[in-house]
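Please read these numbers as outputs of a predicted model, since none were measured by experiment. Heavy atoms only: backbone and side chains are in, while hydrogens, waters and symmetry mates are out. Letters go in sequence order (proteins before strands), and every chain restarts at 1.
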Number of protein chains: 2
Amino acid sequence: MTRIADVARRAGVSTATVSRVLNGKQVRDDLAVAVRQAVDELDYSPDRTARSLRRRHSDVIALVLPDIENPFFTSLARGVEDVAQDAGYSVVLCNTDDVPAKEERYLTIAESENMAGVVIAPASTSPRLGALMSRGRGIVVVDRRVPDAVDQVTFDNVGLACRATRDLIADGHTRIACVTGPATTSTAADRAAGWRQAMAEAGLTADDELLVHANFRVDGGQAAMQSLLALDPPPHAVLATNNLVGVGVLKTLAEHSAADQFGVGIIGDLPFATSRTTDISLTPLHPREMGLTAARMLVERIRGLDAPPRIVQPEPPPAPQ
Amino acid sequence: MTRIADVARRAGVSTATVSRVLNGKQVRDDLAVAVRQAVDELDYSPDRTARSLRRRHSDVIALVLPDIENPFFTSLARGVEDVAQDAGYSVVLCNTDDVPAKEERYLTIAESENMAGVVIAPASTSPRLGALMSRGRGIVVVDRRVPDAVDQVTFDNVGLACRATRDLIADGHTRIACVTGPATTSTAADRAAGWRQAMAEAGLTADDELLVHANFRVDGGQAAMQSLLALDPPPHAVLATNNLVGVGVLKTLAEHSAADQFGVGIIGDLPFATSRTTDISLTPLHPREMGLTAARMLVERIRGLDAPPRIVQPEPPPAPQ
DNA sequence: GTTGCCTTAGCAATCGATTTCTGACATTCT
DNA sequence: AGAATGTCAGAAATCGATTGCTAAGGCAAC
């Protein structure tokens with residue numbers, strides 16, 4: 001491997017000068033030209049390990065997610081990656097399976113790899129961010145709220161669920177169920193609260209039997225929907241509070257062909273739906289924009305922005321042309 | 001941040017001894033105990049940047065994929081991550097969008113970050129792996145074939161497409177179209193070849209107008225399906241050579257309700273299908289197993305396995321219980 | 001009792017970059 | 001002309017771990 005010393009020798013300068021040229025510091029023109037030529041000739045690219053050691057931080061951002069197989073999070077990842085890429089950072093994707101221990105392990109790695117920053121959709125209700133924060137690393141929490149004083153990008157989940165429920169009510173449904181995620185995730189709790197609120201506003205009963213806590217995956221939605229259909233009387237409509245739960249609900253309904261005029265509301269997108277979705281009330285979330293916003297905020301922090309913690313919603317997507 | 005010297009001081013030993021304890025080398029028992037206690041008390045974890053610099057390789061594996069939003073590749077990523085995790089490696093996910101320039105950039109980064117190895121589903125027909133290979137890094141190519149002498153995990157794509165086409169023929173279809181991906185990807189070309197072969201075997205004509213090259217995404221499948229339905233006469237059935245193209249095909253058909261008894265074969269899985277899939281001929285690919293196999297092979301290489309390049313198919317998934 | 005082997009702890013070199021510090025030289029001002 | 005100031009290249013220190021080498025100590029064999 002060619003090292004900086006090789007380049008320096010070939011260009012007839014010191015390693016300090018090579019480093020300065022590569023890092024955009026002021027250097028005499030003729031020397032800079034010689035260095036750049038030597039770099040090209042030797043096809044030199046600096047060892048990032050050594051650079052990180054000396055600089056005491058790397059150009060890598062950790063993206064810690066509960067479920068890398070959920071299209072919501074892959075879109076989010078995509079948004080983060082696009083911004084990071086432009087800003088010269090690479091993204092490490094870390095999958096926690098919503099298991100706090102795995103999450104903690106990844107946070108430790110982020111710390112001991114001296115990563116520049118972390119974007120995290122927390123599995124734990126209170127992830128151990130202290131070490132990273134005290135080291136001055138950038139942190140942005142996405143999707144789910146945490147009590148810590150850090151930048152956060154979240155949706156107005158209560159409002160979204162409330163509006164989605166009102167849509168179902170407007171369609172004439174009265175007995176509306178809600179399938180939400182684990183009670184420990186703030187998104188699941190907030191969206192259930194929104195459903196409850198809309199039902200109360202409309203004077204409808206939000207029976208306990210109509211609220212099902214499932215896991216936030218397809219099988220969770222299927223199991224929940226099956227138990228709802230077994231109720232006596234069954235509901236007329238259902239609000240699925242996340243995309244995969246929605247898929248499970250639709251899959252189950254597709255098998256009970258009797259359930260044709262069953263009302264379905266889904267909070268989230270269905271990029272890989274194979275049926276028509278025109279008769280479903282979809283609340284798109286734009287996870288990519290959430291990722292873009294989070295990554296922009298993170299880059300600002302990494303570059304030294306010193307401001308009180310910001311809690312924002314994702315910037316809306318560009319209007320379709 | 002606590003450094004190894006702090007631990008050494010507290011335990012009353014040299015840094016060399018601390019390093020040896022942490023790396024499982026032989027050390028006198030009482031010293032080892034003292035070191036471990038000091039590590040616990042100080043909550044010390046070694047700086048991986050410094051370690052990588054000295055060791056000349058890190059504990060990070062790059063996973064270079066053309067489309068991180070495709071569930072096929074996220075499942076594959078999941079498989080790679082699970083194995084890597086167990087073996088003590090972290091995984092960096094790199095998205096190339098099937099753009100060779102992005103791919104090359106990531107390969108350069110993998111090299112200059114001294115990553116332990118790379119699993120790559122190549123965007124380029126001949127990615128520049130030379131630098132990594134000469135540095136002795138582990139490399140495993142997945143999904144798409146390359147001419148280089150490296151470990152590769154690929155499907156028997158010709159055979160898969162051939163069998164899937166035969167299924168459609170067995171269902172009584174004769175005018176069977178094929179929607180495949182960009183001609184530059186080996187998977188798209190091989191699967192198209194399999195379709196052609198099965199058609200020829202059955203004495204059916206594989207007209208040029210029945211073979212459509214699309215992109216390997218949902219919109220590609222939709223556009224292709226629309227053009228096929230516009231043919232005169234239109235085909236009776238279609239083989240979609242990847243999962244997202246299949247989604248596009250099904251979406252389009254769902255809107256042309258006339259096309260009820262249209263035959264559909266899809267090579268790939270539809271984890272997020274929202275309709276019944278019982279009347280579709282699905283060829284599951286088990287990308288997670290592909291990831292598991294690739295990662296296991298990569299870990300073997302990283303650990304020093306010196307054997308001729310291996311070209312294998314993924315191990316079959318465990319039988320459902 | 002002496003020699004020689006073996007184990008193992010510590011010193012110091014090392015990985016490859018960045019950056020502080022120093023001094024050479026040029027320029028400006030009096 | 002001489003002093004003061006500024007610019008910039010290079011020498012060397014530095015980041016924090018791992019590891020080759022050295023030497024000390026323990027033990028066995030003669």
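The nearest whole Å value for the distance from the CG atom in A:D6 to the P atom in C:dC15 is 12 Å. A straight line from NE2 of A:H57 to P of C:dA17 spans 16 Å, rounded to a whole angstrom. Regarding A:N114, its CG atom lies at a distance of 14 Å from the C1' atom of C:dA17, rounded to whole Å. Atom pair B:R56:CZ and C:dA13:P shows a separation of 19 Å (rounding to whole Å applied).
Comparing C:dA12, C:dA17, D:dA11 by their nearest atom to the side chain of B:T15 picks out C:dA12. Counting only heavy atoms from C-beta on, A:N23 has its side chain closest to C:dT18 among C:dT18, C:dC11, D:dA9. Comparing D:dA17, C:dG16, D:dC8 against the side chain of B:L53 picks out C:dG16 as the nearest. Taking the side chain of B:R55 as heavy atoms from C-beta on, and the options C:dG16, D:dT18, C:dA9, the nearest nucleotide is D:dT18. Listed nucleotides: D:dT19, D:dA17, C:dG16. Nearest to the side chain of B:R20: D:dT19. Side-chain atoms of B:R51 lie closest to D:dT18 of the nucleotides D:dT18, D:dG16, D:dG10. With D:dA11, C:dG16, D:dT19 as the candidates, the nucleotide lying closest to the side chain of A:R54 is C:dG16.
Checking B:V27 against A:T17, the closest nucleotide of DNA chain C that is more toward the 5' end is the one next to B:V27.
Proximity of A:L107 to A:V118: side-chain heavy atoms (C-beta onward) are separated by under 4.5 Å at one or more points.
Contact annotation: A:Y44 side-chain N/O to C:dG16 OP1/OP2 distance is not under 4.0 Å. In this model, the phosphate group of D:dT18 is not approached by any side-chain N or O of B:K25 to a distance below 4.0 Å at OP1 or OP2.
Counting only N and O atoms by type, the side chains of A:Y89 and A:E81 include no donor and acceptor under 3.5 Å apart.
A salt bridge between B:D98 and B:R144 is present, with a side-chain N of the basic residue lying under 4.0 Å from a carboxylate O of the acidic one.
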Verify side chain to side chain donor-acceptor pair (under 3.5 Å) between B:N114 and B:R137, making sure each step is shown before the conclusion.
CA-CA 8 Å; B:N114 287 304; B:R137 302 282 176 244; 3.2 Å; yes

